[in-house]
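The structure appears below as structure tokens.
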Amino acid sequence: MTNLIIVGTIGLDDVETPFGKVKSSLGGSGSYASLAASFFCRPGLVSVAGSDLPDKHWQLFSKNKIDTAGVEKTGKTFRWSGKYLFDMNEVKTKKTELNSLANFDPTLPPHFREAKFLFLGNIDPTIQLQVLKQMKGKPFAAIDTMDYWIELKKEKLLRVISKIQLVVMNESEARMLFDTPNLIKAGRELLNLGPDYAVIKKGEHGALFFSHNAFFSAPSYPLEEVKDPTGAGDSFAGGLMGYLTITGDTSEKNIRKGIVYGSIIASFCAEGFSLNYLSSTKLKDIKERYNLIKKIRKF
Ligand code: AMP
């Protein structure tokens, strides 16, 4: 049973950081989020990829029990290139080529439509809305986005945010969306749009959680070696949604736990380039870091 649907990009990325570079490596918000969620459940992926996507990437999805029935195969795969300087919390996008994403009009397979959890990963808000509309019932839905879509499709994005329960965004995007330097204010503004919960990610400095009557500051795992933060945000959200799906519990307390799991999965993602490190991580490694965070947060 596919109980978590994830929509996002499948991409071929060129990434440069102070510690190395990769070319045409597997990336995209959908790839990272679904691999992260697959530690807890069998997610169904909705995306588009071209014939230029190497077989080994399809094999990675199937090896990790990611249901790709919702991935359309047409044209050329989405491509993105970015560069990180020493502040690895900020990326400079060098190029975005939408390719087959530009005309992607998703049709969800029937067995995806009944899922109880939905993650609208970073992709065109028009596509996010099309997916949301095809779901039966009212799944617990979360959304992520990035500066590219805030610049191009802000109104559409605000409409999608008003229809979902949990919004996840990184700090620079939250500041940009509400034109404020203050993250507490941005968190409140996100909730004012309609969601029950908002999470603002602060990279290596953890994440802030907002609900209408609570606030929580979550730690990130104290990682000494960050090689490539690409996809860490998508992995965070995918891990969080995978945890909520497997526990079937969307209470505030459980979301706090899910945020810690999401941060840990993001830490494994950032330890290597592309999905290389995350794809060899085991659930027991994640649990070890979870217990360590519990210990270091006691006072
Ligand atoms: P993150 O580092 O979590 O923000 O996500 C990085 C991933 O997002 C990369 O693997 C890219 O392929 C993908 N990406 C970059 N730009 C976009 C975009 N405009 N829409 C969707 N995905 C994107």
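- Looking at Asn64, its side chain does come within 3.5 Å of a backbone N or O of Leu60 through a donor-acceptor pair.
- Interatomic distance, CG of Leu108 versus NZ of Lys133, reported as 13.5 Å (0.5 Å rounding).
- With a 6.0 Å radius and a threshold of 12 heavy atoms from other residues, nucleotides or ligands, Lys136 has its NZ atom at or below the threshold.
- Between Asp67 and Arg42, none of the side-chain N atoms (NZ, or NE/NH1/NH2) sits under 4.0 Å from a carboxylate O, so this pair counts as no salt bridge.
- Smallest separation of non-hydrogen atoms from Pro195 and Leu166: CB-N, 4.3 Å.
- Judged by distance alone, the side chains of Ser263 and Ser220 never bring a donor and an acceptor atom under 3.5 Å apart.
- The structure places CG of Leu193 at 7.0 Å from CG of Leu177, a figure rounded to the nearest 0.5 Å.
- Distance check, rounded to the nearest 0.5 Å: CZ of Arg188 to NE2 of His212 gives 8.5 Å.
- Contact detail for Gly28 and Asp13: the closest heavy-atom pair is N-OD2, 4.0 Å.
- Note on Val91 and Leu85: separate hydrophobic clusters, where clusters join Ile, Leu, Val, Met, Phe, Trp and Tyr whose side-chain heavy atoms are under 4.5 Å apart, directly or indirectly.
- Shortest non-hydrogen contact noted between Ile5 and Ala115 is CG1-CB, 3.5 Å.
- When all heavy atoms of Glu173 and Met169 are compared, the pair lying nearest together is CB-CG, 3.8 Å.
- No side-chain heavy atom of Asp249 sits less than 4.5 Å from a side-chain heavy atom of Lys257.
- Evaluation of the side-chain hydrogen bond (donor to acceptor under 3.5 Å, both in side chains) rule for Asp105 yields Gln130 as partners, not counting sequence neighbours.
- Proximity of Lys185 to Phe178: side-chain heavy atoms (C-beta onward) are nowhere separated by under 4.5 Å.
- Under 4.0 Å is where a charged nitrogen must lie from a carboxylate oxygen, and between Glu97 and Lys95 at least one such pair does.
- Of the possible polar contacts, one joining the Thr9 side chain to the Ser29 backbone as a donor-acceptor pair under 3.5 Å is found.
- Val7 has its side chain within reach of Ile127: a pair of non-hydrogen atoms, C-beta onward, lies under 4.5 Å apart.
- To the nearest 0.5 Å, atoms OG1 (Thr245) and CZ (Phe117) are separated by 5.0 Å.
- Side-chain atoms of Thr17 come within 3.5 Å of backbone atoms of Lys227 as a donor-acceptor pair (strictly under, hydrogens ignored).
- Annotation: the span from Leu12 atom CG to Lys76 atom NZ amounts to 9.5 Å, rounded to 0.5 Å.
- Salt bridge absent: Glu288 and Lys284 never bring a charged side-chain N and a carboxylate O closer than 4.0 Å.
- A donor atom on one side chain and an acceptor atom on the other are found under 3.5 Å apart for Asn254 and Thr247.
- Here the side chain of Asp196 pairs no donor or acceptor atom with the backbone of Gln165 at under 3.5 angstrom.
- Between Ser172 and Asn170, the side chains place a donor N or O and an acceptor N or O closer than 3.5 Å (distance only, hydrogens not considered).
- Between Phe78 and the options Ile10, Leu98, Asn99, Val48, a side-chain contact (heavy atoms from CB on, under 4.5 Å) holds for only Leu98.
- Annotation: side chain of Trp149 is in contact with side chain of Asp124 (closest heavy-atom distance under 4.5 Å).
- Here the OG atom belonging to Ser81 is positioned 10.0 Å from the CD atom belonging to Glu16, to the nearest 0.5 angstrom.
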>> Determine whether Leu53 and Leu26 satisfy the following criterion, side chain to side chain contact (heavy atoms under 4.5 Å, CB included), listing intermediate values before the conclusion.
In response: CA-CA 8 Å; Leu53 191 79; Leu26 179 61; 4.3 Å; yes

>> Does Tyr197 form a ring-ring contact (aromatic ring centres under 6.0 Å, His included) with Phe209? I'd like the steps, not just the answer.
In response: CA-CA 7 Å; Tyr197 308 111; Phe209 168 77; 5.7 Å; yes

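- A salt bridge links Glu271 with Arg289: at least one charged nitrogen is closer than 4.0 Å to a carboxylate oxygen.
- Hydrophobic clustering, with ILVMFWY side chains joined whenever heavy atoms are under 4.5 angstrom apart, groups Leu223 together with Phe19.
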> Given Arg79 and Ser24, is the side chain to side chain contact (heavy atoms under 4.5 Å, CB included) satisfied, shown in steps?
Replying inline: CA-CA 8 Å; Arg79 281 185 172 264; Ser24 292; 3.0 Å; yes

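- Atom CG of Asp87 has more than 12 neighbouring heavy atoms from other residues, nucleotides or ligands inside a 6.0 Å radius.
- Using cut-offs of 30° and 60° for the angle between ring planes, the Tyr261 and Tyr290 rings count as parallel.
- Under a hydrophobic clustering in which Ile, Leu, Val, Met, Phe, Trp and Tyr are joined whenever their side-chain heavy atoms come within less than 4.5 Å, directly or via other members, Ile259 and Leu292 fall into the same cluster.
- The two residues Gln128 and Ile123 come nearest to each other via the heavy atoms CG-CG2, 3.6 Å.
- Side-chain atoms of Phe273 and Thr230, non-hydrogen and from C-beta on, never get closer than 4.5 Å to each other.
- Counting heavy atoms from C-beta on, the side chains of Leu45 and Phe112 never come closer than 4.5 Å.
- Residues Thr126 and Lys153 bring a donor and an acceptor atom of their side chains to less than 3.5 Å of each other.
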> Passes side chain to side chain contact (heavy atoms under 4.5 Å, CB included), Glu252 versus Asn213? Steps please.
Replying inline: CA-CA 10 Å; Glu252 199 172 300; Asn213 46 31; 3.7 Å; yes

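- A salt bridge links Lys23 and Asp14; the closest N-O separation between the charged side-chain nitrogens and carboxylate oxygens is under 4.0 Å.
- Using a cut-off of 4.0 Å between Lys/Arg side-chain N and Asp/Glu carboxylate O, Glu171 and Arg175 are scored as salt-bridged.
- In this structure a side-chain-to-backbone donor-acceptor pair under 3.5 Å is missing from Glu189 to Thr180.
- For the pair Lys73 and Trp58, the cation-pi test (distance below 6.0 Å, angle within 45°) is passed.
- Ion pair Asp228/Lys21 not flagged as a salt bridge, since none of the NZ, NE, NH1 or NH2 atoms sits closer than 4.0 Å to an Asp/Glu carboxylate oxygen.
- Under the 3.5 Å distance criterion, with hydrogens and angles disregarded, a donor-acceptor pair is assigned to the side chains of Thr77 and Asp52.
- When all heavy atoms of Ile66 and Ser38 are compared, the pair lying nearest together is CG1-CB, 4.2 Å.
- For the pair Asp144 and Phe119, the minimum side-chain heavy-atom distance is below 4.5 Å.
- In this structure, the side chains of Tyr148 and Thr93 stay at 4.5 Å or more apart for every pair of heavy atoms.
- For the side-chain contact (heavy atoms from CB on, under 4.5 Å) test, residues two or more places apart in sequence or in another chain that qualify with Lys56 are Pro54, Gln59.
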>> The test is side chain to side chain contact (heavy atoms under 4.5 Å, CB included); show your working for Met241 and Val168 and say whether it passes.
In response: CA-CA 11 Å; Met241 287 303 282; Val168 180; over 6 Å; no

